[in-house]
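Below is one structure; the comments refer to it alone.
Each chain gets a letter, A, B and so on, in the order its sequence line appears, and its residues count up from 1.
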Number of protein chains: 2
Amino acid sequence: MRLMPHPATEDIELTEVLRALADPVRLEIVVRLAVSGEMTCGVAGDDLGVHKSTASHHYRTLREAGVVHTKQVGRLKYMSLRRDDLDSRFPGLLDSVLNATLP
Amino acid sequence: MRLMPHPATEDIELTEVLRALADPVRLEIVVRLAVSGEMTCGVAGDDLGVHKSTASHHYRTLREAGVVHTKQVGRLKYMSLRRDDLDSRFPGLLDSVLNATLP
DNA sequence: CGTATGGTTGGATTATTGTCAAACAATTAG
DNA sequence: CTAATTGTTTGACAATAATCCAACCATACG
C-alpha cells in the first residue's frame with residue numbers, strides 16, 4: 001500500500017484548511033463526513049457531479065490540508081474528519097463552518 | 001465617486017468568505033482590521049510586500065466576499081470588518097479564524 | 001491465474017488567481 | 001489652475017487549480 005501523507009496536527013496550516021474548505025465540492029465531502037462519520041471515498045464522492053478522478057484529487061487536497069484522515073482497509077479507503085486535531089489547532093473553526101452549512 | 005458593490009448580509013456566501021480568508025495577504029489585512037478597527041486602505045495595506053495595485057485587488061476581493069465594508073471620506077477610503085454581518089450569517093466563524101491567527 | 005472493484009496517477013485543457021507595471025481617476029492642497 | 005496624494009483599473013504574465021480521460025495499481029474474488 002502506498003503511504004499517504006498526513007500532516008501532523010501542529011503542522012496543519014490555517015490558510016490551507018480555509019483553502020481546502022473554500023471549494024463547494026470539497027465542502028460537500030466534509031459535510032457528508034461530519035454528518036455520517038467515516039465512510040469510503042466511493043460513498044463520500046457519490047453524486048458530486050465530478051469525475052471520480054477529480055474527486056480523488058479533492059480527497060488528496062483535503063488530506064494534505066489536514067482536514068481528513070484516510071486509512072486503507074482491504075481495497076477500500078476510509079476517510080474521516082480530523083475533528084479533534086482541527087479543534088485543538090483552530091478551536092471552533094470546523095464547528096462554525098459546519099453550522100453555517102447544515103440547516 | 002464610483003459605487004463599490006457590497007453584498008447584502010443575506011447574500012454573503014460561505015465559500016466566498018472562506019476563499020477570501022484563504023490568502024495570507026488578505027488574512028493579514030483582516031487581522032489588522034480586527035486589531036485596530038477601521039483604517040484606510042493605505043494603512044491596512046502597508047508593508048504587505050505586494051504592489052499597491054495588488055493590495056487594491058485584495059481589498060476588492062474582501063469587499064465582494066462581504067468580509068469588509070469600504071466607505072470613501074475625502075480622498076481616503078476606510079475599510080472595516082463586517083463583524084456583525086459575518087457573525088449573524090456564520091456565527092463564530094470570524095472569531096475562530098481570528099483566534100487561530102492572533103497569538 | 002484472470003477478472004472485477006475501488007481508487008490513484010499523469011497528461012491535457014481550461015479557468016482562476018496573484019502579481020507587477022503603467023496609466024488613470026478623484027480629491028485635496030498649494 | 002496645478003501638484004500631490006490615494007486608490008483603482010487595465011493589460012500582461014506566471015502559477016495554481018479544477019476538470020476530464022485514459023491508463024494504471026492494488027486488493028479481493030471466482
Side-chain angles (χ1 to χ4, degrees), chain A residues 1-6 13-30 32-33 36 38-80, chain B residues 1-6 13-30 32-33 36 38-80:
Chain A
M1 149 176 183
R2 179 178 304 275
L3 284 191
M4 291 163 297
H6 289 83
E13 301 259 11
L14 178 61
T15 52
E16 294 300 300
V17 172
L18 293 172
R19 204 178 51 76
L21 298 176
D23 177 272
V25 173
R26 288 192 294 263
L27 187 56
E28 172 62 23
I29 294 171
V30 167
R32 292 180 183 189
L33 292 173
S36 306
E38 190 178 62
M39 56 179 64
T40 66
C41 292
V43 173
D46 187 52
D47 269 341
L48 285 180
V50 295
H51 196 277
K52 68 170 182 171
S53 65
T54 303
S56 183
H57 284 302
H58 285 310
Y59 306 150
R60 178 139 88 111
T61 299
L62 288 169
R63 187 175 60 240
E64 290 180 352
V67 176
V68 306
H69 180 264
T70 307
K71 68 174 178 187
Q72 183 153 2
V73 177
R75 63 182 159 188
L76 300 178
K77 283 185 180 172
Y78 286 87
M79 280 193 303
S80 57
Chain B
M1 147 177 185
R2 178 179 303 275
L3 285 192
M4 291 163 296
H6 289 83
E13 302 259 10
L14 177 61
T15 52
E16 294 300 299
V17 172
L18 292 173
R19 205 178 53 75
L21 298 175
D23 176 271
V25 173
R26 288 192 295 263
L27 188 56
E28 171 62 24
I29 294 171
V30 167
R32 290 181 184 189
L33 292 172
S36 306
E38 190 177 63
M39 56 179 65
T40 66
C41 292
V43 172
D46 187 51
D47 269 340
L48 286 179
V50 295
H51 196 277
K52 67 172 182 169
S53 66
T54 302
S56 183
H57 284 300
H58 286 310
Y59 306 150
R60 179 139 88 111
T61 299
L62 289 169
R63 183 176 4 96
E64 291 179 351
V67 176
V68 306
H69 180 264
T70 307
K71 69 174 178 186
Q72 182 152 4
V73 178
R75 64 182 159 188
L76 300 178
K77 284 184 179 173
Y78 286 87
M79 282 193 301
S80 57

Quick one: stems for DNA chain C, with Watson-Crick or G-U pairs under 3.5 Å, at least three in a row? C:1-27 with D:4-30

Nearest 0.5 angstrom please: A:L33 CG to A:E38 CD, how far? 9.0 Å

Kindly compute the distance separating CE (A:M39) from CG (A:D46), expressed to the nearest 0.5 Å. 10.5 Å

Specify the closest pair of heavy atoms between A:V68 and A:H6, including all atoms of both residues, with the distance to one decimal. O-CD2, 3.7 Å

Which listed nucleotide (D:dT10, D:dG7, D:dC20) is nearest to the side chain of B:H57? D:dT10

Taking the nucleotide of DNA chain D with the closest heavy atom to each, which residue, A:G74 or A:D23, is nearer the 5' end? A:D23

Please examine the side chains of A:L14 and B:L27, heavy atoms only from C-beta on, and report whether any two atoms are closer than 4.5 Å. yes

With the side chain defined as heavy atoms from C-beta on, A:R63 is closest, among D:dT27, D:dA18, C:dT8, to C:dT8

Sidechain-backbone polar pair: B:Q72 side chain, B:G74 backbone, donor-acceptor under 3.5 Å: yes

Below 4.0 Å: OP1/OP2 of C:dT17 and any side-chain N or O of B:H58: no

Test side-chain contact (heavy atoms from CB on, under 4.5 Å), reference A:R26, set A:L21, A:L62, A:L48, output is A:L62

What's the closest nucleotide to the A:S56 side chain, out of D:dA17, C:dT27, C:dT9? C:dT9

Under a 4.0 Å heavy-atom cut-off, which of residues 41-50 of chain A touch DNA chain C? A:C41, A:G42

Which nucleotide, D:dT19, C:dG18, C:dG7, lies nearest any side-chain atom of A:T54? D:dT19

A:R19 side-chain N/O to D:dA17 phosphate OP1/OP2 under 4.0 Å: yes

Go through the N and O atoms of the side chain of B:S53 and the base of C:dA21, and report whether any donor-acceptor pair is under 3.5 Å. yes

To the nearest 0.5 angstrom, please state how far the OG1 atom of B:T70 sits from the CD atom of B:E64. 10.5 Å

Using only side-chain N and O atoms of B:R26, determine if any of them is under 4.0 Å from OP1 or OP2 of C:dG18. yes

Winner on side-chain proximity to A:L76, out of C:dG6, C:dC20, D:dT19, is C:dG6

Checking C:dG7, C:dA22, D:dC21 against the side chain of B:H51 (C-beta onward), the nearest is C:dA22

Between the base of C:dG7 and the side chain of A:K52, is there any donor-acceptor pair under 3.5 Å? yes

To the nearest 0.5 Å, tell me how far A:D47 CG sits from A:R32 CZ. 7.0 Å

Shortest non-hydrogen pair, B:A44 vs B:I29, comes out as O-CG1, 4.0 Å

